Amino acid sequence: MAFTFAAFCYMLALLLTAALIFFAIWHIIAFDELKTDYKNPIDQCNTLNPTVEKLVLPEYLIHVFFCVMFLCAAEWLTLGLNMPLLAYHVWRYTSRPVMSGPGLYDPTTIMNADVLAYCQKEGWCKLAFYLLSFFYYLYGYVISTISTGMLSLPPLLLPSIRVCYLYLLSFCLYGYESNN
Amino acid sequence: MSAPGFTSLKTSLGHSLNSTPNGGAAPPYQNGPGGQTYPSTYPLTGYYGAGPQQQGNPTIPGQCAPAPPKAPITNNDHSAYCHQQPLQPTAAPTVAPSAYGATQGSHPPSLPYGTPTTLPTSATPPNPQHAPSFQQPAPYAQPGAYYGQQQYPTSQTQHHPQQPNLVLAPPTSPGAPLYPIVSYPSVPGSSQYGTLRSSQAPTGPAAVPNLMGAPLHQYAPGNDTSHPASTAAVPPGYSMAPPGQPATVNGQGNADPVLQHYDQSHQAPMTHDHYRGGVKHNTGGADRDMPPLGIPSTSVNSSPGHQQGGDSSSTTTGSASPVPNSYDSLEGGSYPEFSNPPSADMPNQPVYQQRPVSRTDSSPSHGGYNQTGYQHLPQPFPNMSQLSAALGGLSGVPELEVEALRPVNLLQERNLLPHQPLDAPEPNLSADLKKANCSPDTFRCTLTNIPQTQALLNKARLPLGLLLHPFRDLAQLPVITSNTIVRCRSCRTYINPFVSFLDQRRWKCNLCYRVNDVPDEFMYNPVTRSYGEPHKRPEVQNSTVEFIASSDYMLRPPQPAVYLFVLDVSHNAVEGGYLNVFCHTLLENLDKMPGDTRTRVGFITFNSTIHFYNLHESLSQPQMLVVSDIDDIFIPTHDSLLVNLKESRVLVRVLLTSLHSMFSQTRETHSALGPALQAAYKLTSPTGGRVSVFQTQLPTLGPGLLQSREDPNQRSSTKGVQHLGPATDFYKKLALDCSGQQIGVDLFLLSSQYSDLASLACMSKFSAGSIFYYPSLHHVHNPAQLDKFQKDLERYLTRKIGFEAVMRIRCTKGLSIHTFHGNFFVRSTDLLSLANINPDSGFAVQMSIEESLADTSLACFQSALLYTSSKGKRRIRVHTLCLPVVSQLSDVYAGADVQAITCLLANMAIDRSISSSLSDARDALVNAVVDSLSAYKNTVSNIQQSGLIAPAALCLFPLYVLALLKQKALRMGTSTKLDERVFAMCEFKSQPLQQIMHAVHPDLYRLDTMSDQGALHLNDCIVPQPHLLHLTAEKLTREGAFLMDCGSVFYLWIGKCCNDVFIRDVLGCPNHASIPPSMTQIPELETPLSERLRALLAWLQDSRPFSSTLHVVKDDATAKTSFFQHLVEDRSESALSYYEFLLHIQQQMSK
């Protein structure tokens, strides 16, 4: 048994979480720009930066997807840790403003300082959550591979860990810069 | 305002200016917008040249003459137009490119502009000093003529040099026609302009009434605010010119900067004007004649100065003041018909009179001069220092503060209301600043003492925010035309009275504290006609000014006025009779709608299909095109559905007269509003404009259809109200699309059944439109409502309008904008996009303090509204408000403006009730009172007495909040139709403060005992000023007659035992029993009592844009309930009385 389903889930989650971290950073930057951008208000005229809007649903779907995977793999602890965010996403989407298409943000209220601040805070919290879960999945991946009897590290592991750490580093730096 | 973005541009300008200090103006500026080609050969210098240099070379004088005419222009649009052209040339060619780039960034559509830059390449700044430029009058003139003729025929009047006297008139006259807008209620507020006062005061009796707020009488309704100003300005200039001197005088004028001789000074300015104007081209041959006349106008910029103009007149001396008035009235009166040449004569008279006067007065020279307005004139520098000193330090007004902080035990004091309607508290500023500050009717802050830190603000538990009425009709407004609009290079703030001048060449921004250079052009003051006194410029003397903007402020050529009417012609609509009234009213006001020769109109009608009307001028009959494919709407023909009003007037008239009969037999009951709106959007999107939608029922077909969501059984529920938000985002999306295309959508809802206003209102809310609601409008069943509809419609059609507008609010570093309230789309954190702006809409802004303001003693707010006038001019209206910063909590309370706080809270509560729930919002309101009072009790007040203590400044706060809770928008437990509730909410969000306060807490007066004591004397009528009464049935007596002023409605309540004499004298009925049950008019009787009452009603009415209806309420009539529901201090079936409310608050506080 080289590779259990659980290990596969963890690996997949690892990769997807990296993508989610991207999304979260994007989210933060977009709102930061919205708040401080005086350069080109016209571009933002009618709709919030559409990329952010478009990322909302994929983000939710990806998260739901690996939650389901963990459910199938019977990783109860991991699933439990993800449940709050899942619930939050469901709540967030059901309480969105009246809208005919998909989407979360109402261009008419997004400039309200409270809403803007909320969205930014949301972005930071999610970023933190995804970062933590990234490490957790890494850990889970290692554990599940090892516990299945593979004493030696699988060939994929080391490079992937290295890559992940590189990613992390760059995210952190990027995030820091954008915050300034 | 687009403005902010531009920094790069401006800076470039600034730089250029610097580089060529003397030359002045010429080099830096480019041609404007027009893209009109100036012959490059043309010596730019000529235009400008004279200005600054002249000072240098006294000798030059004679030659300068050519320039003059431009001044008059400023006010009128036409004139303005002319101006611009000239101005444009002024813009330095070199600069231009950069400017463009800049503009693009900031302005959204940065379109076409770039092209116009066809400037005279000859950027080289002519030496100012070279007289030669001046000398060449001929070339000069030509261009002027050229422009004038071709483009603006109207402007020609200005050109006519021949009658110097007349000159003045012409500018005004043309202007008048241009601004068709009818009613400018002269607002009492006008008095607030300090300058005005000074000028007027001397005038004596005549002037007085105006000040009093009677202005209406004098300013004919028609006045454009701007006009008056301009007019005012002109006359002074005019008057200034020594009567005897022929045109030639100008030449001499160049001379002295120093202003040693009075005469010279006069002249000097003139020359300057030329300079400025650079513009003068217009005059062409006229030059000679013009100078005397023209000059003033030229100065133009001065025109702007209206007030200043007034001032300048004042400089000439008080006597001058009458002139402006007469002017105003002339202009005001001027409807299009009135307009042109004839008007010219009118003005003359006043002018003449004045002249002598002014002369004599002025002759005393500076001394007299100084006294009136500009005391420091002779010594600019001292002034500056004084100014800055004034800025730095506040002169305390301890008495006021003490009074405002006097603790009041609310449970014991029964009579809290002042005798007269409450005024806005005066900020605690030095007299100079106070005088310069913005009128509270226009710009108001909830805390007139700004707390230093957010922590302090939180401690006070009061909301910090602004209430704005930016496009208000003004009786006096300085309009400034100049080549450069002086703005801070980093934050783009417009120069204003609260900046400090470090020395003659530098000023310090009061918002970001950056030190900026004073452009050369700014050194000359058109009002005093002196050089080297930038701090005397109208921009620096008035906190409300309007600039004529150059092409830098345009993203595309200014749009024409476009009006599209979308009319519901279903059975329901026709049967209610609105269509008839609409057609009649529009027919009557067709020529009074603001616009120029480019004005376009169009009509769409709809029931289950959409009908378009081809009104092409070549047709003999309007052609109706029916589109029945409502799911995929298209425009049947593109060229003739929106037609030029001037060309197709006949067809429009035919259509309007026949429209009603066309649909009188309709059986169609469906309404395809959504598709009709889509069609309207498609039709107007190339130009932008205003779409007026008349809807009488729930839309039932096509996209945007709605279902009834109201459950009549829940109308008086105490559990909360559902469906306050929209059911679909169709209308919101449409509004956003419209907003993007500069289309404003105004909604008239004329329906007796539920029509889901909560959804429909979105179309106006986000496109900066206005919403009108006439429940139960019916020509038979409810003629009073129909009458109101007609009057409102008349005002609506003829009121001023601004297109493709943006408004930016800037504030001192450290303050930031939290939330906006009103009808608009928020484009950026401090920028509102307003497709249309009208004089009746107000805005509220919540502020927060992000950084400590400890290092400054003054906080300033500036709102800049950039819009395209109905004449196709780009204009910027700037208001600046200055308030002191305090570090003590007690000072914060002392400066609380309870009315503004109430309005802001109302706005916040409405947001809350939509986003959360109505009961939440109500709780929040009560908590606002509890929190602020307990914070006051715990921190400031050291009196350990029981009872409910409030500072005097806030003693009405609980009362107002209680009144808010009993409003239709926020009440619970009383049966309220959903649409009416939603409409009330919309009103709160979009009305200016005065209207909101009238609705929240009506004024109640007792009429049968009123005396002439304290009455106002306006013109020849006496307006009694009865005392305000508390809104409780206790104050009503059966022997009395009471007037309740609810803003849009007057109730005249006649007690059962009311004196028969009163009833007979006022109502023309022998006794109480014979008063008809639904009386909506007061007969015009000759009795003194009737006259007084009518004068009072007229006076109350004057200050508001929409006419109020009057209801005579007999004590026993069923209409009583509508009257008694306004008695907010009494207990109602579901709400507390005032005393109970106080006890409730006390209880909450002790928790």
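Since the model is a prediction, treat every value here as computed from it, not as a measurement. Chain A is the first sequence line, chain B the second, and so forth, proteins listed ahead of strands; every chain is numbered from 1.
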Is atom NZ of A:K126 surrounded by more than 12 heavy atoms (other residues, nucleotides or ligands) closer than 6.0 Å?
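Above 12, so yes.
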With a 6.0 Å cut-off (strictly less than), is the heavy-atom count around OH of A:Y139, excluding the residue itself, greater than 12?
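No, the 6.0 Å shell around OH holds no more than 12 heavy atoms from other groups.
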What distance do A:N112 atom CG and B:D911 atom CG have between them, rounded to the nearest 0.5 Å?
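It is 7.0 Å, given to the nearest 0.5 Å.
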Pick from B:K733, B:Q846, B:K732: which one has the most heavy-atom pairs with chain A under 4.5 Å?
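That would be B:K732.
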Closest heavy-atom pair and its distance - A:A113, B:I817
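For A:A113 versus B:I817, the nearest heavy atoms are CB-O, 4.4 Å.
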Need one label for B:A735: side chain, backbone, both or neither, based on atoms under 4.5 Å from any heavy atom in chain A.
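Interface part for B:A735: neither.
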Given a strict heavy-atom distance threshold of 4.5 Å, which part of B:K765 is in contact with chain A: side chain, backbone, both, or neither?
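Answer is neither: B:K765 stays 4.5 Å or more from chain A.
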